[in-house]
Amino acid sequence: EVKLFFLKLQEEGKKFASIRSVRGILRPAFQMAVDDNLILKNPIDFPLSSVVVNDSVTREAISNKDMLRFLRFVQHDIHFSRYYEAFYILFHTGMRISEFCGLTVDDIDFSANTLHVRRQLLYRPFDAGYRSYVQTPKTTAGYRTIPLSPSAIQALRNLIARADLNVEVDGVSGFVSAKNGSECKAGDIQRQLK
């Protein structure tokens, strides 16, 4: 019956990832019933791929050629050229957008040509509306040092030259992406990319 339930979900158009999420909720619930001696065996203790077709599509990163084409377009476009350094840093460091928004001058070591990821700048609803806040990485792996090429160093220097380093969020200031008295938000960069 459980296998038929999962098959029906797929027939109704649910994707493998969604079905896996449903299974991820049901399996521990049934395991609790087994542990409490309410049932003898967990009916969801089987490989999901043995029942439903895995239709997941693996995301592909942008190719190096396409990245260079994109950056070249942005760099030479009258309107979009102001975003070039931010996009360049994002592509060449692999930072998340929220980590880039939280990057401060103090996180960059120009003598060692590295930057340190220590925080992210997020934007969420609070009591009286939306506001930005600083959050540290969720795991120790989130704290990392990223080596920088000479061109990435130059892009950061250009960003800092235009940044409003007085913008402060949760006691942190010196954001390299802050402009015109306001911090950078992930949504801003997502809109710029669109």
Side-chain angles (χ1 to χ4, degrees), residues 1-71 73-74 83 86-103 115-147 169-170 177 183-194:
E1 288 179 10
V2 172
K3 290 178 179 180
L4 289 173
F5 170 72
F6 288 138
L7 279 171
K8 185 176 180 195
L9 287 177
Q10 192 162 46
E11 288 170 3
E12 291 173 354
K14 301 290 187 247
K15 299 290 183 187
F16 184 81
S18 298
I19 297 169
R20 185 176 52 219
S21 295
V22 170
R23 179 179 182 251
I25 294 167
L26 294 176
R27 188 176 181 186
F30 278 101
Q31 190 57 48
M32 287 175 58
V34 170
D35 295 344
D36 291 342
N37 293 321
L38 298 174
I39 57 177
L40 295 176
K41 183 180 173 191
N42 188 338
I44 305 182
D45 200 15
F46 58 86
L48 186 59
S49 58
S50 69
V51 178
V52 294
V53 176
N54 185 348
D55 59 359
S56 320
V57 178
T58 304
R59 289 186 186 184
E60 271 189 47
I62 188 170
S63 72
N64 198 40
K65 179 182 173 186
D66 287 340
M67 176 193 71
L68 293 172
R69 281 183 50 216
F70 175 81
L71 287 174
F73 166 78
V74 171
Y83 307 128
F87 293 154
Y88 188 92
I89 295 301
L90 286 166
F91 274 122
H92 285 86
T93 62
M95 294 171 61
R96 294 175 180 88
I97 293 175
S98 59
E99 294 171 338
F100 171 75
C101 292
L103 185 67
L115 68 78
H116 305 285
V117 177
R118 299 176 177 144
R119 76 189 65 75
Q120 52 187 337
L121 187 62
L122 301 170
Y123 187 70
R124 294 241 171 99
F126 280 86
D127 297 336
Y130 285 79
R131 80 168 182 86
S132 294
Y133 67 98
V134 173
Q135 180 175 300
T136 56
K138 294 178 183 175
T139 65
T140 55
Y143 291 92
R144 57 200 188 282
T145 300
I146 300 173
V169 177
D170 290 343
S177 57
E183 70 278 7
C184 174
K185 299 170 190 71
D188 298 337
I189 293 179
Q190 290 165 344
R191 277 188 295 281
Q192 294 162 6
L193 281 167
K194 274 189 179 181

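Of all the heavy atoms in His116 and Thr145, the pair that sits closest is ND1-OG1, 2.9 Å. Of all non-hydrogen atoms in Cys184 and Cys101, the two that sit nearest each other are SG-SG, 3.2 Å. In terms of heavy-atom proximity, Gly142 sits nearest to Val117 at O-CG1, 3.6 Å. Closest heavy-atom contact between Phe46 and Pro43: CE2-O, 3.2 Å.
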Practice item. Test side chain to side chain donor-acceptor pair (under 3.5 Å) on Gln31 and Asp35 and set out the steps. Key: CA-CA 6 Å; Gln31 190 57 48; Asp35 295 344; 3.1 Å; yes
Practice item. Would you please test Leu7 and Val52 for side chain to side chain contact (heavy atoms under 4.5 Å, CB included) and show each step? Key: CA-CA 6 Å; Leu7 279 171; Val52 294; 4.2 Å; yes
Point to revise | Derivation and outcome, side chain to side chain contact (heavy atoms under 4.5 Å, CB included), residues Arg27 and Asp45 | key: CA-CA 7 Å; Arg27 188 176 181 186; Asp45 200 15; 2.7 Å; yes
Practice item. Give the intermediate values and the outcome of side chain to side chain contact (heavy atoms under 4.5 Å, CB included) for residues Met95 and Leu115. Key: CA-CA 10 Å; Met95 294 171 61; Leu115 68 78; 3.9 Å; yes
Point to revise | Test side chain to side chain contact (heavy atoms under 4.5 Å, CB included) applied to Lys185 and Arg191, step by step | key: CA-CA 10 Å; Lys185 299 170 190 71; Arg191 277 188 295 281; 5.9 Å; no
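Counting only heavy atoms from C-beta outward, the side chains of Leu193 and Phe87 approach each other to under 4.5 Å. Between Phe16 and Leu48 there is a side-chain heavy-atom pair separated by less than 4.5 Å.
The distance from the OH atom of Tyr88 to the CG atom of Leu71 is 8.0 Å, given to the nearest 0.5 Å. Note that CD of Glu1 is 12.5 Å distant from CZ of Phe6, once rounded to the nearest 0.5 Å. For the atom pair Arg119 CZ and Ser98 OG, the distance stands at 12.0 Å (nearest 0.5 Å). Residue Leu90 holds its CG atom at 5.5 Å from CD1 of Ile189, rounded to the nearest 0.5 Å. Residue Lys15 holds its NZ atom at 9.0 Å from CD of Gln10, rounded to the nearest 0.5 Å. Gln190 CD to Ile97 CD1: the interatomic distance, rounded to the nearest 0.5 Å, is 4.5 Å.
Under the 4.0 Å criterion applied to side-chain N and carboxylate O atoms, Arg131 and Asp170 are assigned as salt-bridge partners.
For Glu12, the salt bridge (charged side-chain N to carboxylate O under 4.0 Å, His left out) partners two or more places apart in sequence, or in a different chain, are Lys8. Take Arg20 and apply the salt bridge (charged side-chain N to carboxylate O under 4.0 Å, His left out) test, not counting sequence neighbours, and it matches no residue.
Formation of a donor-acceptor pair under 3.5 Å by the Asn54 side chain with backbone atoms of Ser56 is found in this model. The backbone N or O of Ser63 sits nowhere less than 3.5 Å from a side-chain atom of Asp66 that would complete a donor-acceptor pair.
Crowding of Leu38 atom CG: a count of heavy atoms from other residues, nucleotides or ligands under 6.0 Å exceeding 12. Atom CZ of Arg96 has 12 or fewer heavy atoms from other residues, nucleotides or ligands within 6.0 Å.
Each of Gln120, Arg144, Arg118 was compared with Glu99 under the side-chain hydrogen bond (donor to acceptor under 3.5 Å, both in side chains) criterion, and only Arg144 meets it.
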